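This structure is a prediction, so every number in the text was calculated from the model and none was measured. All chains are named by letter (A, B, ...) in the order of the sequence lines, taking the proteins before the strands, and each is independently numbered beginning at 1.
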Amino acid sequence: MRATELLAPTLREAPADAEVVSHRLLLRAGFIRRVAAGVYNYLPLAVRVIKKIEQIIREEMDRQGGQELLMPILQPAELWQESGRWDVYGPELFRLKDRHDRDFALGPTHEEIITTLVRGEVNSYKQLPLLLYQIQNKYRDERRPRFGLMRGREFIMKDLYSFDRDEEGLQISYLKMHEAYTRIFQRCGLRFRPVEADSGAIGGSETHEFMVLAESGEASVLFCESGACDYAANVERAAQVSPPEKVKDNLKNIAEKETPDCRTIEEVSQFLGIAAQDIIKTLLYETEAEAVAVLVRGDRDVNEIKLLNTLGCLRVNLAGEETIRKVTGASRGFSGPVGLKGIKIIADLEVASIINAAAGANKDNIHWINVNPGRDFSIDIITDVRMVEDGEPCPCCGQKLKEARGIEVGQIFKLGIKYSKLLGATYLDEGGKVKPVIMGCYGIGVTRTMAAAIEQNNDQDGIIWPAAIAPFHAVIIPVNTKDAGQTALAEAIYARLAAAGLETILDDRAERAGVKFKDADLIGCPLRITVGAKALTERQIEVRVRRTGETTMIPEEKLESAVLELLKEL
RNA sequence: CGGGAUGUAGCGCAGUUUGGCUAGCGCGCCUGCCUUGGGAGCAGGAGGCCGGGGGUUCGAGUCCCUCCAUCCCGACCA
């Protein structure tokens, strides 16, 4: 490709509204342009990267026996009504009407479509297992699209659906995808981790998220520092190690203390001279059905996902001032479990074993001290409802957990029979019995992976593409386009590298060298080949590695092999 | 959806407080000269519904009302 023919409009300054580095660099380097909030044009450089990522995905899906198909973006409402998700999915589902006033949706995912397809075409155990996938645009009307390609309303996703006869088959499919995903992200040159994740309302099935580790990640993950253990989990999921049983002696007498205007744990702790971990934090939550009290140690935070799962409800919200007063009789900041009536009390494991703690008295400006669970109040549910923090012991091996930020680029999920049951996708087993097919779904955000790769690979000058997904392997820069010798040599190199199967940009623009160097750094191809005056006289070609800035002089005749060799390490 | 902010040339911004002639600057773009190893220099030039609509006024980028868009924080979320 010649730079004079390539639409790659670079910008010196990034648009002011681009916050994260991948967004800024994708704009500056001429990969994307915004069309609407969360909707982008992908320019030629971006398309090349996307195609490379897609190709890696295809190869790994096919390796595991996946078959590619293509399903529609435009989907009739009936399918969504049949699965119940027309009502459940909420405002995130793009909805539209056709000229006959019939309802349609733009697919945010394709379970409905594919399950319906399989319902019609698969009848026998002999046709299973099946692994079907597509790479397709997805639409989600995000409340807050942001960070460029990281959280868009239109994005490209690979989604594979597995169909098996039984749980054993699903486990095999699941492991195949786990392996495929590991290979895909490795091949893309990313530093990532599969982590255990919460399966949410869909049920107690197994699920892993593949997280690209980056500071800008929206998700927080905890993983075991010990090399021997590979425990890693989304914080939403990470389990706490059960606290050691404390000997319940030395129980002091419960007593009221005045705590004027002490509403926060910090204030109470300061005022009473009691450590935060010896205070019981009482939070009132409302679900769609009831209000509940949640107790955690003063130095801990409630994990609302765990709470949601414990209660088996659809949503939880912190209760407002009004509800707090109604339930406790006091204002916010003085809630406590002692004497709390008519409300379910859920306590974290650590609270159950706390001794002589402080807690709100359900009276303004009063706290109890020397509160002891069991003796002074009873608990309805004792379970793990708190956030696990950096440095806590690993639930697997006891070593320290470390916290990191991650970008979720893939998720694999055991669906079970949720959709096959709702939509009636069944097969006949060997005994002639009707059974629902067992499903799994497995997604990779293609465009998000591109952004994540930049989050992880950039410097002050621009993007540093891993070679496997770089838009071009190298850029060839004749320093002075007025010098016929230089342009001729650059052209010759361009032709030779193309013949060797390498993808290059020949920067034949009549720009000064500095401009071309800046643009080359910004766009971030792994190698830069500079053809200057010395190249002509010494017949040595300068090859510079984008990531390290290292330059090597290669004898002209060895150029192809040297370039191929360099690329292997990038 | 709640709170905050911003919309002026392709990009980055000034001008708005205190209304006043023809709306500015830097970068980018076009033409010419010059230059050619890290975003050069000189000269000339093109490019604006000042987010939209309504109002106040002799006069609105500037004041008022309204709508829209975008961003940030929060809530929410596969």
Side-chain angles (χ1 to χ4, degrees), chain A residues 7 9-20 23-24 27-30 33-39 85 88-93 107-111 138-148 150-153 155 157 159 197-202 207-210 218-219 234 236 286 304-305 308 314-318 320 407-413 415 441-445 448 460-462 475 477-487 490 507 509-523 528-536 542 544 546 549 551:
Chain A
L7 181 66
T10 55
L11 301 172
R12 288 200 186 190
E13 290 173 283
D17 51 15
E19 197 67 12
V20 297
H23 189 195
R24 297 172 66 83
L27 286 166
R28 279 194 61 206
R33 287 293 183 265
R34 197 186 75 94
V35 176
V39 180
R85 288 209 288 183
V88 174
Y89 215 95
E92 241 179 63
L93 184 65
T109 173
H110 283 71
E111 280 88 4
K138 294 280 190 275
Y139 296 83
R140 294 184 192 176
D141 196 357
E142 292 281 349
R143 274 185 192 197
R144 202 173 146 200
R146 56 184 149 175
F147 303 152
M150 215 76 103
R151 180 167 289 256
R153 295 195 293 172
F155 53 97
M157 189 166 164
D159 47 327
D198 179 71
S199 53
I202 299 178
T207 178
H208 283 85
E209 292 167 337
F210 284 74
E218 291 187 270
N234 192 311
E236 294 176 348
E286 288 176 298
E304 294 184 2
I305 303 286
L308 203 66
L314 291 175
R315 57 166 197 279
V316 295
N317 293 101
L318 268 175
I407 300 163
E408 185 197 333
V409 289
Q411 181 164 22
I412 59 178
F413 205 106
L415 285 172
C441 70
Y442 315 84
I444 292 179
R448 187 186 273 188
Q460 287 201 322
D461 295 317
V475 53
I477 298 183
V479 169
N480 185 347
T481 44
K482 292 250 174 77
D483 183 318
Q486 285 182 29
T487 52
D507 196 343
R509 295 175 301 168
E511 292 284 356
R512 294 162 54 86
V515 172
K516 298 197 229 184
F517 291 153
K518 287 289 185 191
D519 276 347
D521 286 349
L522 191 54
I523 290 168
R528 187 184 86 194
I529 295 164
T530 313
V531 181
K534 265 187 280 178
L536 284 174
E542 176 187 318
R544 182 175 189 268
R546 171 67 180 86
T551 60

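- In this entry B/U56 has no Watson-Crick or G-U wobble partner, no candidate having both defining distances under 3.5 Å.
- Regarding A/Leu11, its CG atom lies at a distance of 10 Å from the C1' atom of B/G12, rounded to whole Å.
- Going from atom CZ of A/Arg153 over to atom C1' of B/C71 covers 14 Å, rounded to whole Å.
- A/Arg144 has its CZ atom 7 Å from the P atom of B/G74, to the nearest Å.
- Closest approach of A/Ile523 and A/Ala29 over heavy atoms only: CG1-O, 3.8 Å.
- The shortest heavy-atom contact between A/Asp519 and A/Thr10 is OD1-OG1, 2.9 Å.
- Protein atom CG of A/Leu522 is 19 Å distant from nucleotide atom P of B/C27, rounded to whole Å.
- Of the two residues near RNA chain B, A/Asp17 and A/Glu511, the one whose nearest nucleotide lies more 5' is A/Glu511.
- In the interface, the side chain of A/Arg28 is paired with the base of B/G39 through a donor and an acceptor atom under 3.5 Å apart.
- To the nearest whole angstrom, the two P atoms, one in B/C50 and one in B/U8, are 11 Å apart.
- Checking B/U70, B/C72, B/U36 against the side-chain heavy atoms of A/Phe147 singles out B/C72 as nearest.
- Looking at the side chain of A/Asn480, the nearest of the listed nucleotides B/U36, B/A78, B/A75 is B/U36.
- Residues A/Glu142 and A/Gly38 both approach RNA chain B. Their nearest nucleotides, taken by heavy-atom distance, put A/Gly38 toward the 5′ side.
- The interatomic distance linking A/Leu93 (CG) with B/C76 (C1') rounds to 16 Å, in whole Å.
- Contact check, A/Arg12 against B/G28: a side-chain N or O comes under 4.0 Å of OP1 or OP2.
- A/Thr109 comes within 4.0 angstrom of nothing in the nucleic acid, heavy atoms only.
- A 3.5 Å limit on both hydrogen-bonding distances identifies B/G32 as the Watson-Crick or G-U partner of B/C42.
- Counting non-hydrogen atoms under 4.0 angstrom, A/Arg85 reaches nothing in the nucleic acid.
- Comparing atom distances between the A/Val515 side chain and each of B/C76, B/A40, B/C71 picks out B/A40 as nearest.
- Nucleotides B/G3 and B/G10 have their P atoms positioned 33 Å apart, rounded to a whole Å.
- Pair assignment for B/G24: B/C13, on the basis of Watson-Crick or G-U wobble contacts that are both within less than 3.5 Å.
- Taking a cutoff of 4.0 Å between a charged side-chain nitrogen and a carboxylate oxygen, A/Lys138 and A/Asp159 qualify as a salt bridge.
- Here B/C77 presents its P atom at 11 Å from CG of A/Asp198, a figure rounded to the nearest Å.
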Starting from the C-alpha separation in whole Å, work towards a yes-or-no answer on side chain to side chain contact (heavy atoms under 4.5 Å, CB included) for A/Lys516 and A/Val475. CA-CA 10 Å; A/Lys516 298 197 229 184; A/Val475 53; over 6 Å; no

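- At the heavy-atom level, A/Ala18 lies nowhere under 4.0 Å from the strands shown.
- At a threshold of 4.0 Å, the pair A/Glu542-A/Lys534 does not count as salt-bridged, since none of the basic side-chain nitrogens sits closer than that to a carboxylate oxygen.
- With B/C76, B/G37, B/U35 as the choices, the nucleotide that has an atom nearest any side-chain atom of A/Val479 turns out to be B/G37.
- Rounded to whole Å, the C1' atom of B/G12 lies 31 Å from the corresponding atom of B/G2.
- Residue side chain A/Arg448 reaches the base of B/A78 through a donor-acceptor N/O pair under 3.5 Å, judged by distance alone.
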Would you sort out whether A/Arg146 and A/Val20 count as a side chain to side chain contact (heavy atoms under 4.5 Å, CB included), showing the intermediate values? CA-CA 9 Å; A/Arg146 56 184 149 175; A/Val20 297; over 6 Å; no

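- Residue A/Glu209 is classed as having no contact, given no heavy-atom separation below 4.0 Å to the nucleic acid.
- Judged by the 6.0 Å distance and 45° axis criteria, A/Arg528 is positioned over the aromatic ring of A/Phe517.
- With hydrogens and angles ignored, no donor-acceptor pair closer than 3.5 Å exists between the side chain of A/Glu13 and the base of B/G39.
- Comparing the C1' positions of B/C77 and B/G39 gives an interatomic distance of 42 Å, to the nearest angstrom.
- For B/C11, its base never sits under 3.5 Å from the side chain of A/Arg33 at any donor and acceptor pair.
- Put simply, the side chain of A/Glu92 and the base of B/A78 share no donor and acceptor less than 3.5 Å apart.
- Across the P atoms, B/G61 and B/A9 are found 15 Å apart, a figure rounded to whole Å.
- For B/G41, the base has no donor-acceptor partner in the side chain of A/Arg512 [N/O atoms by modelled type, under 3.5 angstrom].
- Nucleotides B/U62 and B/U56, compared at atom C1', are 13 Å apart to the nearest Å.
- Using Watson-Crick or G-U wobble geometry with both donor-acceptor distances under 3.5 Å, B/U18 finds no partner in any strand shown.
- A/Lys516 comes within 4.0 angstrom of nothing in the nucleic acid, heavy atoms only.
- Across every non-hydrogen atom of A/Pro478 and A/Asp507, the tightest pair is CD-O, 3.2 Å.
- Straight-line distance from the CZ atom of A/Arg24 to the C1' atom of B/G12: 11 Å, rounded to whole Å.
- Among residues two or more places apart in sequence or in another chain, the ring-ring contact (aromatic ring centres under 6.0 Å, His included) test is passed with A/Tyr89 by A/Trp80.
- If you check every strand for non-hydrogen atoms under 4.0 Å, A/Asp521 touches a base.
- Across the strands present, B/C71 finds its partner in B/G4; the criterion is a Watson-Crick or G-U wobble pair with both atom distances under 3.5 angstrom.
- Only the P atoms considered, B/G38 is 49 Å distant from B/A75, to the nearest whole Å.
- Side-chain atoms of A/Asp519 lie closest to B/G39 of the nucleotides B/G37, B/A78, B/G39.
- Following rounding to the nearest Å, A/Lys482 (NZ) and B/U35 (P) show an atom-to-atom distance of 8 Å.
- B/A60 and B/A23 have their P atoms separated by 13 Å, with the value rounded to a whole Å.
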